[in-house]
Amino acid sequence: MNANGFSLCGYGKYTDAWANVVVSRREEQAPREREVRENNERMAAIVATPEEIAKAVAERKQREAEIARRFGDSGKAAAFGGF
């Protein structure tokens with residue numbers, strides 16, 4: 001189906017070939033979009049402002065405190081071999 005809701009198949013060899021090109025380009029584009037998104041996230045982390053870094057640290061500490069509250073020391077011990 002194309003953007004207008006019409007079937008791309010059954011209208012001749014040209015349309016079938018065009019439909020195959022559209023599908024293959026979409027499949028090729030998906031990894032590129034994922035790579036760009038991951039790169040943008042890395043770049044955002046590299047150029048993070050001190051406020052963003054402080055916010056991330058506070059969120060991490062809050063998460064760790066929540067884990068400690070819920071599981072006690074057993075949560076930390078499991079991560080380090082159970083000592």
Side-chain angles (χ1 to χ4, degrees):
M1 300 294 258
N2 68 4
N4 297 320
F6 299 116
S7 174
L8 298 175
C9 301
Y11 292 108
K13 291 181 182 177
Y14 174 79
T15 305
D16 290 342
W18 177 68
N20 291 335
V21 167
V22 169
V23 169
S24 67
R25 288 190 179 159
R26 278 189 195 148
E27 292 170 352
E28 293 170 1
Q29 187 64 21
R32 287 189 202 125
E33 290 174 355
R34 182 179 44 79
E35 183 180 338
V36 167
R37 186 173 48 253
E38 290 172 354
N39 186 52
N40 288 343
E41 290 171 358
R42 280 194 300 274
M43 291 305 295
I46 289 172
V47 296
T49 64
E51 294 83 15
E52 292 170 333
I53 294 170
K55 181 180 175 187
V57 168
E59 290 172 355
R60 179 179 51 84
K61 287 184 179 182
Q62 182 180 6
R63 244 186 347 266
E64 290 174 353
E66 177 66 19
I67 290 171
R69 185 185 65 76
R70 291 173 66 192
F71 302 109
D73 288 335
S74 64
K76 288 185 177 180
F80 294 103
F83 61 89

Note: with side-chain heavy atoms under 4.5 Å as the link, the other cluster members for M43 come out as I46, V47
Clusters formed by hydrophobic residues whose side-chain heavy atoms approach within less than 4.5 Å: which one holds I53, and what are its other members? V57
First locate atom CZ of R25, then atom CG of N20, and finally report the distance between them rounded to the nearest 0.5 Å. 12.0 Å
If the condition is side-chain contact (heavy atoms from CB on, under 4.5 Å), which residues does S24 pass it with, not counting sequence neighbours? none
Output a table of donor-acceptor pairs, distance under 3.5 Å, between side-chain atoms of residues 28-38 and any protein atom two or more places apart or on a different chain; print 'none' if there are none.
residue	atom	partner	partner atom	Å
Q29	OE1	R32	NH1	3.1

Return the set of residues passing salt bridge (charged side-chain N to carboxylate O under 4.0 Å, His left out) with R63 (not counting sequence neighbours), or none when no residue passes. none
Sorted by chain and number, sequence neighbours left out, side chain to side chain donor-acceptor pair (under 3.5 Å) with R69 holds for E66
Using a cut-off of 6.0 Å, state whether more than 12 heavy atoms not belonging to E59 lie near its atom CD. yes
Qualifying residues under side chain to side chain donor-acceptor pair (under 3.5 Å), relative to R60, sequence neighbours excluded: E64
